[in-house]
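Notes follow the structure.
As the structure lists them, so they are numbered: ligands from 1, and atoms in each ligand from 1. Excluded from the calculations below are hydrogen atoms, water molecules and symmetry mates; all remaining heavy atoms, backbone and side chain alike, are included.
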Amino acid sequence: MELDTAHPPRPLPGAAAAAWDACANGVLLVGAGEAAFPILAVNPAFCRLQRRTDAELIGTSALALGDALGDAPGDARPDNPLAAALHAVAGAGASHTLLLRASASAPWCRWTISVAPAAGAAVAPQLLCIVEDVTELQEQQALLAHLSSHDALTGLANRALFNERLQAAMTQAHGRAGGVAVLCLALDGFNLVNESLGYVAGDQLLISVAMRVQGCMRAQDTLSRHGGNEFVLVLADVTDSAQVHAVCEHIVRVIGAPFPVIGQSLHAGCSIGIARYPQDADDGVTLLRYADMALSHARGLGGNQLQFFAPEMNQRTTERAQMEAALRVALTDGQLQLQYQPMADLQRGAICALEALVRWQHPVMGLIPAGRFIPLAEATGLTVALGYWSLRRAVEDMVAWRAAGLPPVRVAINISPKQFRDAALPQAVADALAQSGLPPLQISLEITEAALMQDQQASDATLAQLKALGVGLTLDDFGTGYSSLNHLKRFPLDLVKIDCGLTGNIVTGADDAALVKTIISMAHHLGIEVAAEGVETEAQCDFLRRNMCDQIQGYFFGKPCDRDQVASLLAVGHAVPPHLLRIQKLPRTLLLVDDEQNIVSALKRLLRRDGYQILSANSGQEGLDVLAANAVDVIVSDQRMPGMIGADFLRAAKNLYPDTIRIMLSGYTELQSVTDAVNEGAIFKFLTKPWDDEQLRTHIAEAFRLKEIADDNDRLNLELRTANHELAAANRRMEDVLRQKQQQITRDEISLNVARELLQFVPLAVIGLDDEGMVAFVNTAAERVFRQNGAILGNEAQIVLPELFPDGLAPSGSHQVHIDGRCFQVVAHPMGANSQSRGSLITISACEETV
Ligand code: C2E
Ligand code: MG
Ligand code: MG
């Protein structure tokens, strides 16, 4: 569209005319003397707003313009508000501003029109209308208003709007004697999503959660987000707790369904804390605080829980604050102690390490175990100071044991996640080693997966620094949290500790048993040793030894004890009993079961000479008791016995101790029961009474031979697996050493390059000769001095630099030479004093010639 701004003439002369043209707002001059309010002049900006030329506009009625304009919503004005304004201004002479929709076809556009009498109008009264397009401004204002009350990520109400809504809900409830509930909701393990899948995934999850929770709420309720994964809900018009409970259960259910996030299916649980008005508190701030307390409580119960606020929680929070203050005092007042729990090596049986466990000797509460105050210390950051205290104390105790002549033992020190992230940790460990003179392998550091997960790159760097010091690295509490094979592979670990929670179920729970076996073989495959924590019974220890676990720790082998008790354990050589070692050779044991004592005695007399350890029982039940208490290889049982017949006893023995070889020796041949037992494999041989001594001895010897072959197979299998595992461990150590060497080489190369560069540019002329007299280095200053000598580098020095060889001898000490008529001082510096280099560096500096 061509706009003819030259015609008709502008209503104003000179500079005012230029302003008229340049004005960003639309301006029109309207004749007020006529009822139609004709447009007398328009500026270019108004033409642009109208998308019409001034020729098209001038002479038309301004009222027509007003007809096309609508009211902005919310304003109660006449049909043609512009006409009303023009009349009002023309009549009363006062200016008037109104906000209007631009047109019916663009209802989202907004204009303000200010109408004022045109001052100095020459002939007839005229009105000046200034039109401003405020669409964008209004949109920005609306956006700002929205942002100040809503969360940018989810679009939910923010804390400010939540407060307003809560206040309104409470006021309304007060009037109707009703109730309000405040719910604090947090996703369980949300940090893990952020850390493992990234913030984009975390944000997607939060948006989906917001949408699902919103779907569980009524119009009068408010869902707000207060940052992170913290959602707070206001349920208005609440009549009873059951109603709140039902909403919470609905929320837990919808959040329990998998979330599709960045192409993966994520499972998220949530915990909810609830406080009610007016039962729990009658002001918003306290309600929110109580709901938050209830949420902490719900999370403390392991997550995925609902928890209504109870007054005891408030008390518990106070107690926590008191405990924190007391713990600060304990750290400086010597109330902390270190105990040590022995760990046994299942190959040799002896103590292979001690885990240092902190205790708090509280003046009133007595001795408090770490499990009761470490979580609090970690939450408040006190574990960092506490961890360094443990390290110092453990090293002092180790030095004392060494001074007392006790055998050296490794001590494992727990490093909390916060201490692990403390930049001073590697230096503190290095200092402890240097000051004590202890070999680095005598210290190992126990770190949990949670600590490694927080920032995997930083973890890599810290672990590499610790590894370079030579201390052992253990992954603690494996099998409870993430239990990632990837972590075992990625981090330079020596030992992984299976958590107490898993060990406790290995004998009774098939799932945990299978998991423990998998962890052991997975770790062994990667060359990492395995320890099981919380071993409380012989049966657990036996399971672990059979499944190649390397070390055990727990009340079965030894409880945590003080430094003097450790000294006695080390002095007496406390060890696991031989029958629980991984590889063992036990005496050959025979069990005789017969209700007739004289037969048992006769058999004992006959078989004793064969060197067996012989046990006996007079009934099937007694036989089972003996089996429960002893490792038996071969069983010889009578068939006819009161209580339990031999076939049933041998069947039970087969089920409970399938490795035993079972023989029946009987005078009675009740075919059916015996045949069944033979067919089921419960009986290896059936021999009849009376027996032939030599035949019986031969049969029993054969049974032992078979058992030994089976045992040998098992043992060989174990030995093979042990050897394989040791090989994998050696490989892993070798990889570590190679990695460290490679890092050292890279560092050396860098420093060499820096040194070369320095030498290259020093003003002093420098030449490097290798141990065979070849020129290995020439700096820029030296090249200048010897520019006449041609190519120097890589040649034999005596030939290309004869000046350096007075009387044909290799340079040593210092001498003067003349080059190009100038005198130079040549000094030879043999290398190798502070490095592994050989050869010499020769410096050549200009000198005053002495005559
Ligand atoms: P942890 O490193 O897993 O230590 C093993 C915990 O299991 C210890 O609890 C120990 O007393 C307990 N325990 C040992 N044998 C058995 C058993 O047979 N059955 C059962 N049920 N439990 C057994 P404690 O001493 O209360 O320590 C708890 C946690 O506190 C430790 O777990 C460790 O993470 C932390 N901790 C202990 N001392 C320190 C320390 O000096 N610094 C840091 N940062 N953390 C420490
Ligand atoms: Mg530990
Ligand atoms: Mg542990």
Side-chain angles (χ1 to χ4, degrees), residues 327 330-331 335-344 351 353-362 366-397 410-422 425 428-429 432 443-452 472-481 483 493-507 516 519 530-541 544 551-563 565-566 576:
L327 189 53
L331 256 168
Q335 293 174 20
L336 296 183
Q337 297 178 358
L338 214 50
Q339 290 199 338
Y340 299 91
Q341 187 173 30
M343 298 171 64
I351 295 178
L354 301 163
E355 178 171 8
L357 295 164
V358 68
R359 299 286 177 261
W360 178 5
Q361 183 65 55
H362 191 280
L367 199 65
I368 310 177
R372 282 195 36 216
F373 63 90
I374 286 288
L376 171 68
E378 180 67 356
T380 52
L382 280 173
T383 34
V384 178
L386 187 148
Y388 290 126
W389 177 86
S390 295
L391 175 67
R392 276 195 307 276
R393 173 53 56 86
V395 167
E396 274 169 33
D397 288 349
R410 172 184 273 211
V411 172
I413 296 158
N414 288 287
I415 303 293
S416 82
K418 285 218 168 98
Q419 190 185 6
F420 183 67
R421 287 198 301 280
D422 184 30
L425 176 66
V429 176
I443 290 185
S444 68
L445 305 178
E446 296 199 355
I447 302 148
T448 58
E449 259 185 310
L452 297 180
L473 296 176
T474 297
L475 190 61
D476 204 355
D477 303 342
F478 194 75
T480 45
S483 310
L493 303 161
D494 306 290
L495 180 75
V496 51
K497 270 188 162 184
I498 299 175
D499 190 73
C500 294
L502 268 186
T503 315
N505 295 330
I506 45 175
V507 186
V516 166
I519 294 175
V530 182
E533 287 182 322
V535 178
E536 293 183 349
T537 65
E538 175 163 338
Q540 289 167 349
C541 182
L544 291 161
Q551 301 172 17
I552 56 153
Q553 176 183 1
Y555 301 155
F556 173 68
F557 183 62
K559 293 199 164 169
C561 54
D562 65 27
R563 148 177 156 166
Q565 289 164 322
V566 167
V576 168

Less than 4.5 Å apart, any side-chain heavy atom of [X] and any of [Y]?
{"X": "V566", "Y": "P342", "result": "no"}
{"X": "R393", "Y": "L336", "result": "no"}
{"X": "F373", "Y": "L382", "result": "no"}

Point to revise | Pocket residues of ligand 1, ordered first by chain and then by residue number (heavy-atom cut-off under 4.0 Å) | key: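 Residue list for ligand 1: Q341, E355, L357, V358, R359, P369, A370, G371, I374, L386, S390, N414, S416, E446, D476, D477, C500, E533, G534, V535, E536, G554, Y555, P560.
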Tell me whether [X] contacts the main-chain N or O of [Y] through its side chain, where contact means a donor paired with an acceptor under 3.5 Å.
{"X": "T503", "Y": "V535", "result": "no"}
{"X": "Y340", "Y": "A353", "result": "no"}
{"X": "K497", "Y": "A531", "result": "no"}
{"X": "E536", "Y": "G504", "result": "no"}

Exercise for review: Quick one: pull up OG1 in T383 and CH2 in W389 and give me the separation to the nearest 0.5 Å.
Suggested key: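 So the OG1 of T383 and the CH2 of W389 are separated by 14.0 Å.
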**Study point:** Protein N, O or S atoms lying under 2.8 Å from the Mg ion (ligand 2), listed by chain and number
**Key:**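 Near the Mg ion (ligand 2), the protein supplies E355 OE2, N414 OD1, E446 OE1, D476 OD2.
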Review point. Can you check side chain to side chain donor-acceptor pair (under 3.5 Å) on Q419 and N414, steps first, answer last?
Key: CA-CA 10 Å; Q419 190 185 6; N414 288 287; over 6 Å; no
